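No experiment lies behind these values; they were computed from the predicted model shown.
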Amino acid sequence: AIPEDEIWTKLDGDHGGGSFKMCFQIINVRKPNSIRNVVPFLVFAAKDTPANLATALQPFAEQVCLLQTTRWRGKSISVLLYGDYEFQTTQYGLSGSSGVHPCLHCKITRTD
């Protein structure tokens, strides 16, 4: 359950149909996946390679950091990264499923 004194914001990235799209959602609302609650803020016609993502997302880095330290109406704001495995491994600087540590959530090695 989401604590009453927090606002959870999801940043979602996905490539498909020849373009990369990124949106944000406030997820502790009644219907977070409703079209009224999903706000696209970035679209570009290219693959989501590490270089393309670094270039496209750099202007938003300071704003995301600011969000994470902001309080609104007495509530703290948490920013969560969401997307497919490839997108998340790129954002977290992991080498993907063939890497030594392929898991996003633990430190298990590929050989364990």
If you define the side chain from C-beta out and look only at heavy atoms, does anything of Lys10 sit under 4.5 Å from Asn33?
yes

Clusters formed by hydrophobic residues whose side-chain heavy atoms approach within less than 4.5 Å: which one holds Tyr82, and what are its other members?
none

Look at the side chain of Asp12 and the backbone N and O of Gln25, then say whether any donor-acceptor pair between them is shorter than 3.5 Å.
no

Value rounded to 0.5 Å, distance of OG1 in Thr90 from NE2 in His15:
12.0 Å

Among all residues two or more places apart in sequence or in another chain, which pass the ring-ring contact (aromatic ring centres under 6.0 Å, His included) test with Phe20?
Phe44, Phe87

Hey, are the side chains of Leu11 and Phe41 touching, using non-hydrogen atoms and a 4.5 Å cut-off?
yes

Taking every heavy atom of Gly83 against every heavy atom of Gln88, the minimum-distance pair comes out as O-NE2, 2.9 Å

Spell out, yes or no, whether Tyr92 and Phe60 are grouped together once hydrophobic residues are joined by side-chain heavy atoms under 4.5 Å, including indirect joins.
yes

Heavy-atom side-chain contact between Asp14 and Asp84 under 4.5 Å:
yes

Of all the heavy-atom pairs spanning Gly99 and Pro102, show the shortest one and how long it is.
O-CD, 3.6 Å

Exactly one of Lys21, Glu86, Gln91, Met22 should register a side chain to side chain contact (heavy atoms under 4.5 Å, CB included) with Asp48. Which one does?
Glu86

Please report the shortest heavy-atom distance between Ala56 and Leu42, naming the atom on each side.
CB-CD2, 4.0 Å

Heavy-atom neighbours of Ile2 CD1 exceed 12 at 6.0 Å:
yes

Flag side-chain contact, heavy atom, 4.5 Å: Ile27 against Leu80
yes

Which atom pair, heavy atoms only, marks the closest approach of Ser76 to Arg71?
CB-NH1, 3.5 Å

Under a 4.5 Å side-chain heavy-atom rule over Ile, Leu, Val, Met, Phe, Trp and Tyr, are Trp72 and Phe24 clustered together?
yes

Thr9 and Ile77: which non-hydrogen atoms are nearest, and at how many Å?
OG1-CG2, 3.7 Å

Mind checking whether Ile26 and Trp8 sit in one hydrophobic cluster, side chains of I, L, V, M, F, W, Y counted as touching below 4.5 Å?
no

Between Leu67 and Leu81, is there shared hydrophobic-cluster membership here, with clusters defined by ILVMFWY side-chain heavy atoms closer than 4.5 Å?
yes

So if you build clusters from Ile, Leu, Val, Met, Phe, Trp, Tyr with side-chain heavy-atom gaps below 4.5 Å, do Val79 and Val39 land together?
yes

Contacts of Thr70 that satisfy side-chain hydrogen bond (donor to acceptor under 3.5 Å, both in side chains) - sequence neighbours left out:
none

For a quick test of reading the model, state the closest non-hydrogen atom pair linking Cys23 to Val38 and the distance between them.
SG-CG1, 3.6 Å

